[in-house]
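So the structure is just underneath, and the comments pick up after that.
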Amino acid sequence: MGRDITKCHPRLQEAFKSLAAKCSAQGLTIGLGECFRTVAEQDALYAQGRTEPGSIVTNAKGSSYSSQHQWGIAFDFYRNDGQGAYNESGDFFRRVGQIAKSIGLGWGGDWTSIVDKPHIYLPDWGSGTNILKQQYGTFERFKQTWAIEKKEYIYQSIGTGAAQVEATASSLVIRDAPGGKDTGGRYYKGNRIKPLRKALAGSERWFETDRGWISADYLQGWILEGGQWWYLKPGYTYPAGRLEVIDGKCYCFDFNGWMLTSSRIQEDGEVI
């Protein structure tokens, strides 16, 4: 079966990256399972538990094009933390499913037949494939609509404190441009990194270093931007509108995530 997500819809490719980063930030490590399936691959899966050994895992025949995998709008994930690929302890699959739904994806765990907790999909065409079949007829016609829009990145200069930011991924790929080619270089977990610029495009966040570009979703530390400080956490999250204890010290952040300093607090206590 296929595990090449580059054969799936471009928006699904980006969604998997976002989901993996947000799950990692909450201590949930996921791996990429099934992605696009051909008719033959779907028929082989349909035969499981019927004419071939195993348990029934799908009600969709390949010839019917009733599986979302055949339209490139779905992927399956598995638990990738060494506890067992489909170990549900800690409410693992429901928690991932809720994160997926929070970023606009559909979750197979909400289905009633068959409940498919590892299944994530683009919900634009409902929870099945009838709309796709009626609107496009064939996968090939549907794929012709996958025009990849040119990404317009917004670039901003940034800096960091003496401690710099820390890599939180076990192996962080260094690329030649935002979302560009793998240079072969790597940063590793615990490495201290000095970012120079950031590039934003939709849900993509990249930091430039003296070695190239890296995903900002796997970093943690203080960032200086436009003369103000904010604190980056894995998944490109940050404390906002609250107090946060960082390295044993308590800091206050406004609702936009900027650290409050004495210069912003007036005599009457109003924050500017």
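The chain is numbered in sequence order, starting from 1.
Applying the ring-ring contact (aromatic ring centres under 6.0 Å, His included) test to Y218 and every residue at least two apart in sequence or in another chain returns nothing. Every residue meeting the salt bridge (charged side-chain N to carboxylate O under 4.0 Å, His left out) condition with K233, not counting sequence neighbours, appears here in chain and number order: E244. Y155 pairs by the side-chain contact (heavy atoms from CB on, under 4.5 Å) definition with Y153, P178, R197, A199, W213, not counting sequence neighbours.
Annotation: side chain of C35 is not in contact with side chain of D4 (no heavy-atom distance under 4.5 Å). Side-chain contact check for S215 versus W206: some heavy-atom pair is nearer than 4.5 Å. Looking only at side-chain heavy atoms (C-beta outward), Y65 and Q42 stay at 4.5 Å or farther from each other. Taking 4.5 Å as the limit, some side-chain heavy atom of L132 sits within range of a side-chain heavy atom of I73. Using a 4.5 Å cut-off on side-chain heavy atoms (C-beta onward), T209 and K194 make no contact. For the pair F92/I30, a side-chain contact is recorded, criterion being any heavy-atom separation below 4.5 Å from C-beta on.
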Query raised in the report: Going through the checks in order, is the side-chain contact (heavy atoms from CB on, under 4.5 Å) test met by L200 and Q156?
Result: CA-CA 9 Å; L200 305 178; Q156 294 169 282; 3.9 Å; yes
Query - Check against side-chain contact (heavy atoms from CB on, under 4.5 Å), D217 and Y236 - result: CA-CA 5 Å; D217 288 329; Y236 204 82; 3.3 Å; yes
Query raised in the report: Can T129 and Q70 be said to form a side-chain contact (heavy atoms from CB on, under 4.5 Å), step by step?
Result: CA-CA 9 Å; T129 61; Q70 293 181 268; over 6 Å; no
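Under the 30°/60° scheme for interplanar angles, the aromatic rings of F139 and F36 are found to be tilted. The aromatic rings of W125 and H9 sit tilted, their planes meeting at an angle between 30° and 60°.
When all heavy atoms of G212 and I174 are compared, the pair lying nearest together is CA-CG2, 3.7 Å. Smallest separation of non-hydrogen atoms from A167 and L219: CA-CD2, 4.0 Å. Closest of all the heavy-atom pairs between C8 and A74 is SG-O, 4.1 Å. Heavy atoms only, all atoms of each residue included: I223 and P195 are closest at CD1-CG, 4.2 Å. The two residues P239 and Y231 come nearest to each other via the heavy atoms CD-O, 3.3 Å. Closest of all the heavy-atom pairs between L243 and C252 is CD2-CB, 3.6 Å.
Checked by atom type and distance alone, the side chain of E204 never pairs as donor or acceptor with a backbone atom of A201 at under 3.5 Å. With hydrogens and angles disregarded, a donor-acceptor distance shorter than 3.5 Å links the side chain of T38 to the backbone of E41. Distance alone, capped at 3.5 Å, is enough to place a donor-acceptor pair between the D176 side chain and the K181 backbone. Judged by distance alone, the side chain of T160 and the main-chain N or O of I193 form no donor-acceptor pair under 3.5 Å.
Atoms OG and CD, on S127 and Q68 in that order, are 7.0 Å from each other to the nearest 0.5 Å. Taken to the nearest 0.5 Å, the CH2 atom of W107 stands 10.0 Å off from the CZ atom of F93. Taking OG1 from T138 and CD from Q144, the interatomic distance works out to 7.5 Å, rounded to the nearest 0.5 Å. Note that the NZ atom of K7 and the CG atom of L12 stand 14.5 Å from one another [nearest 0.5 Å]. For the atom pair CD (Q220) and OG1 (T237), the distance works out to 8.5 Å, reported to the nearest 0.5 Å. A distance of 9.5 Å separates CD in E225 from OG in S157, rounded to the nearest 0.5 Å.
Remark: the Q228 side chain and the W230 side chain contain no N/O donor-acceptor pair separated by less than 3.5 Å.
W111 belongs to a hydrophobic cluster with Y121, counting contacts under 4.5 Å between side-chain heavy atoms of Ile, Leu, Val, Met, Phe, Trp and Tyr, direct or through other members.
Pairs engaging residues 75-91 under the side chain to side chain donor-acceptor pair (under 3.5 Å) rule: H69-D76, D76-H119, R79-D81, R79-S89, N87-S89, E88-K117, D91-R94 [sequence neighbours left out]. The side chain to side chain donor-acceptor pair (under 3.5 Å) analysis of residues 10-28, with sequence neighbours excluded, yields the pairs R11-D124, E14-K151.
K198 and E208 are not joined by a salt bridge, as no carboxylate oxygen comes within less than 4.0 angstrom of a charged side-chain nitrogen.
Here the two rings, on W222 and Y251, have centers that are under 6.0 Å apart. Taking the six-membered ring for Trp, F75 and F16 have ring centres closer than 6.0 Å.
The only member of W71, F142, W146 that meets ring-ring contact (aromatic ring centres under 6.0 Å, His included) when paired with Y136 is F142. Test L28, L105, I120 against I99 for side chain to side chain contact (heavy atoms under 4.5 Å, CB included) and you get one pass: L28.
Atom NZ of K133 is surrounded by more than 12 heavy atoms from other residues, nucleotides or ligands within 6.0 Å.
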